[in-house]
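Reminder, nothing fancy here: chain letters follow the sequence lines and each chain counts from 1. Remember, predicted model here, so these are calculated numbers, not experimental data.
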Number of protein chains: 2
Amino acid sequence: MKPDHFEVTPQCTAVNEILSRVGDKWTVLVVSYLGNGAMRFNELRRTISGISQKMLTATLRGLERDGFVTRTVFPTIPPRVEYELTDLGRELLVPVRALGAWAVENHERVIAARNRFDAAHGAMEEPFRPAGHMSEAAE
Amino acid sequence: MKPDHFEVTPQCTAVNEILSRVGDKWTVLVVSYLGNGAMRFNELRRTISGISQKMLTATLRGLERDGFVTRTVFPTIPPRVEYELTDLGRELLVPVRALGAWAVENHERVIAARNRFDAAHGAMEEPFRPAGHMSEAAE
DNA sequence: CAGCATCCTTTTTGATACTG
DNA sequence: CAGTATCAAAAAGGATGCTG
């Protein structure tokens, strides 16, 4: 008996789709901010600050397409566009934050493991030293 | 004040690191299979089947580096290498599976939202598009 | 303000070919 | 069997210029 057998069927498609969205560079950040309430485009842009306009647009479009956020246009001048999480988006936030919490809690362990690995493997990383002189001791 | 304010500090780095790993194309698949017990390299390769050996190697290396899996070499002939989740890996599996479960449960809602979006936005591109529908498929 | 279009650079991924 | 090395293709991401 497998202790916790995880069905790896075409359902993986579903998991992979969600995970691909969640795992991209900006989605979680955007969704997290939006978790605090509706925000305008440039408000998000300024807050995240590292993101390019193109990526913010793409991220928001993707989230909108998948039903995680709504896009509301106020036909004023200048135009005002607000993004807000849908119910689906808020529900998604629950497991996503759980994972986020796990990440924060266990980050050190991962870093430690990484350093251990790099120390063990990276040390003997010298490509190939042609027999002879060691003029460029490229560090 | 804010109902559930999410600190977006350098901790985001932690979250992003984990999420980037989890969100890549194969990691969750590999970790999920490994959740059922240790597996050999080609066993994983055959089971996942869509993965190239390069990506499987890279995925396993990354997981090993971050302390999520162990790599055990049996110096037999032919060589036998087994991969198994560490405690950290098993712990990670918990929130990951929660997210996975959410994905499976809500997949239809996402698909529905996606179709709705495509119908509303994609249709406008083509002025006179007969009742043809596009599956999302392409990814 | 909120975007779209275009061009270009960086990463990722996949197909081979080869080794212990 | 379990990889490594290399090259080419594709995708992601960024910078910039231009609209309503």
Q. Could you give the CD-to-P distance, from A/Gln53 to C/dC7, as a whole number of Å?
A. 17 Å
Q: For B/Tyr83, report the nucleic acid contact type (base, sugar-phosphate, nothing); a contact means any heavy atom under 4.0 Å.
A: sugar-phosphate
Q: Report the distance from atom CG of B/Asn42 to atom C1' of D/dG3, rounded to the nearest whole Å.
A: 9 Å
Q) For the pair made of CG in B/Leu56 and P in C/dT12, what is the distance, rounded to whole Å? A) 18 Å
Q | A/Asp66 side chain vs A/Phe68 backbone, donor-acceptor pair below 3.5 Å | A | no
**Q.** Non-hydrogen side-chain atoms of A/Met55 and A/Lys25 separated by less than 4.5 Å
**A.** no
Q) Among A/Val69, A/Val30, A/Thr70, which one satisfies side-chain contact (heavy atoms from CB on, under 4.5 Å) with A/Leu85? A) A/Val69
(Q) Categorize B/Arg45 for me: base, sugar-phosphate, or nothing, with a 4.0 angstrom heavy-atom threshold over every strand shown. (A) nothing
Q) When you look at A/Thr13 and A/Asn16, which way does the side chain to side chain donor-acceptor pair (under 3.5 Å) test go after all the steps? A) CA-CA 5 Å; A/Thr13 308; A/Asn16 215 335; over 6 Å; no
Q. Which sits closer to the 5' end of DNA chain D, B/Arg46 or B/Arg61, going by the nucleotide each is nearest to?
A. B/Arg46
Q. What nucleic acid atoms does A/Arg71 come within less than 4.0 Å of, heavy atoms only: base, sugar-phosphate, or nothing?
A. sugar-phosphate
Q: On DNA chain C, check which nucleotide each of A/Lys54 and A/Thr57 is closest to and give me the residue with the more 5' one.
A: A/Thr57
Q: Specify the separation, in whole Å, of atom CE of B/Met55 and atom C1' of C/dT13.
A: 6 Å
**Q.** Under 4.0 angstrom between A/Lys25 side-chain N/O and D/dG14 OP1 or OP2
**A.** yes
Q.
In this structure, how many angstroms lie between the P atom of C/dT11 and the CG atom of A/Asp24, rounded?
A. 17 Å
Q.
In this structure, how many angstroms lie between the P atom of C/dA15 and the CD1 atom of B/Ile51, rounded?
A. 12 Å
Q: In whole angstrom, give the distance that lies between atom CG of B/Asn16 and atom P of D/dA12.
A: 16 Å
Q: In whole angstrom, give the distance that lies between atom CD1 of A/Ile77 and atom P of D/dT19.
A: 18 Å
Q) Quick one: are A/Val81 and A/Arg71 in side-chain contact, heavy atoms under 4.5 Å? A) yes
Q: Look at B/Arg40 and D/dA2 and indicate whether a side-chain polar atom (N or O) is within less than 4.0 Å of OP1 or OP2.
A: yes
